[in-house]
Amino acid sequence: MKNIIVGQSGGPTAVINSSVAGVYKKAKELGVKKVYGMVHGIEGFLKENIIDLDEYLDNEENFELLKRTPSAFLGSCRYKLPVVEGNEEIYEKIFELLDKYEIDTLFYIGGNDSMDTIKMLSDYAKDHNKHQLFMGVPKTIDNDLGITDHCPGYGSACKYIATSLKEIIRDNSSFGVEKPTICIVEIMGRHAGWLTAAASLCKDNDCEGVDAIYLPEVPFDLDKFLNKVKTLAKKKSSVVIAISEGIQTKDGKFVCELNDDDKKVDAFGHKQLSGSASTLANIVAKETGLKTRAIEFSTLQRAATHLASLTDINEAQMVGEKAVEEANNGKTGMMVILVRNDSEEYSCTTDIYDIHNIANVEKKIPLEWIDEKNNYMKDEYIKYAKPLIQGELLPIFKDGVVTHLVRK
Ligand code: F6P
């Protein structure tokens with residue numbers, strides 16, 4: 001490989017920059033001359049907005065800081081490449097820029113929508129005799145990419161969710177009053193409940209855990225929900241319920257649309273779903289007269305690098321390195337996957353898989369991992385997720401506040 005370019009796309013994670021670190025490290029080990037970064041993904045690349053990563057990562061200190069920096073260091077985008085027919089100039093522009101900078105491999109770090117970019121570009125290259133290679137690097141807090149055991153970014157978001165819920169439960173149970181506070185916590189994940197399931201991970205000897213978990217995989221029934229809240233409120237002085245932002249009634253209406261069905265749609269065609277917890281908290285307050293509180297973890301759950309999982313950081317770097325290694329072997333149109341080893345102690349290795357079977361496909365939680373009757377997760381889920389949240393990497397503090405690596 002001569003020169004390469006790496007881009008980040010879609011919602012960031014706490015460890016998406018560790019994958020950039022992995023791409024950079026392996027590329028330099030293999031003697032790649034220039035490692036470019038797209039600023040704001042393929043959208044920025046089309047405007048020739050690129051940087052030379054040597055300007056930032058040529059010293060160990062910055063490399064370590066990058067791994068402790070949340071959000072997309074390179075800048076992200078939610079841009080879907082259009083179909084080739086009638087849009088050839090967009091594709092030709094991309095290949096013209098790749099030729100101009102003598103880039104022979106493009107790496108894209110993203111989720112299932114972003115993997116579509118790798119699919120489209122690798123297909124175009126094949127159909128038009130272009131020599132460039134295209135590799136996908138998985139990331140998403142949503143954990144909904146197919147084939148891979150899990151997605152880098154997920155473990156760290158789970159760690160934040162479990163830790164913060166434990167703190168919320170402590171707080172909410174401070175007052176032993178007759179009428180409890182009903183605290184509804186909204187967790188990201190549009191159609192798959194992987195993230196919300198992580199609410200089950202806070203239960204331990206020192207924590208009773210959340211009282212119920214509502215996932216998008218199971219149709220939401222408002223009457224049943226209200227009955228559950230009323231029953232819990234009779235028995236407990238604190239009720240904490242975790243819900244997914246994407247819970248929907250059986251006729252397909254998002255709960256956050258019960259009050260406001262004019263939700264904005266992003267460039268990938270997804271509705272912005274926040275507001276489910278406050279919608280439900282208002283309904284509960286109205287129906288029961290109980291004190292309610294709505295908490296939205298929102299971007300905090302994907303930006304909390306100070307609480308990232310070391311396992312996740314290491315795996316995010318590992319998938320970046322693997323993508324470069326495989327491209328160096330001439331592979332294209334593939335995404336790196338994590339494969340869980342069949343051993344007592346948790347470990348994962350990496351492999352690659354055809355992007356056509358991954359792009360645009362959403363992996364849901366297996367229904368047999370959900371205890372629908374009790375609105376909780378079964379042990380199978382906990383066994384799957386616990387290893388992913390292990391280990392910590394301390395942030396680097398300056399004047400009492402964490403420091404990050406930022407683009408000039
Ligand atoms: O795809 C990752 C994700 O964090 C989803 O869980 C969430 O629904 C969405 O992005 C939020 O998107 P935005 O950051 O554009 O509001």
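Residues: numbered from 1 along the sequence shown. Order of appearance sets the numbers: ligands from 1, and atoms from 1 within every ligand.
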Checklist entry - Is E245 in polar range of ligand 1, meaning some N or O pair under 3.5 Å apart? => result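 It does: an N or O of E245 is found under 3.5 Å from an N or O of ligand 1.
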Checklist entry - What residues, two or more places apart in sequence or in another chain, satisfy side chain to side chain contact (heavy atoms under 4.5 Å, CB included) together with S174? => result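 S174: no side chain to side chain contact (heavy atoms under 4.5 Å, CB included) contacts found.
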Next on the checklist: As a check for students: among Q301, M188, K139, R190, identify the option with a heavy atom nearest to atom 9 (C) of ligand 1.
Outcome noted: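 Ranked by closest heavy atom to atom 9 (C) of ligand 1, first place is R190.
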Atoms of ligand 1 less than 4.0 Å from [X] heavy atoms?
X: G189; value: 6 (O)
X: D142; value: 1 (O), 2 (C), 3 (C), 5 (C), 6 (O)
X: R78; value: 9 (C), 10 (O), 11 (C), 12 (O), 13 (P), 14 (O), 15 (O)

Item to check | Set of salt bridge (charged side-chain N to carboxylate O under 4.0 Å, His left out) partners for K386, sequence neighbours left out | outcome: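 For K386 there are no salt bridge (charged side-chain N to carboxylate O under 4.0 Å, His left out) partners, ignoring immediate neighbours.
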Checklist entry - Going by atom types only, do Y381 and E368 share a side-chain donor-acceptor pair under 3.5 Å? => result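 Side chains of Y381 and E368: no pair found under 3.5 Å.
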Next on the checklist: Is the terminal nitrogen or CZ of K203 (NZ for Lys, CZ for Arg) located under 6.0 angstrom from the six-membered ring centre of Y376 and within 45° of that ring's axis?
Outcome noted: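 Yes - K203 lies over the ring of Y376, closer than 6.0 Å to its centre and within 45° of its axis.
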Checklist entry - Do K408's NZ or CZ and the ring of Y56 fall within the cation-pi criteria of under 6.0 Å and 45°? => result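 Ring-cation test returns yes.
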Item to check | Part of T299 within contact of ligand 1 (heavy atoms, under 4.0 Å) | outcome: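 For T299, there is no contact with ligand 1 at all, from either part.
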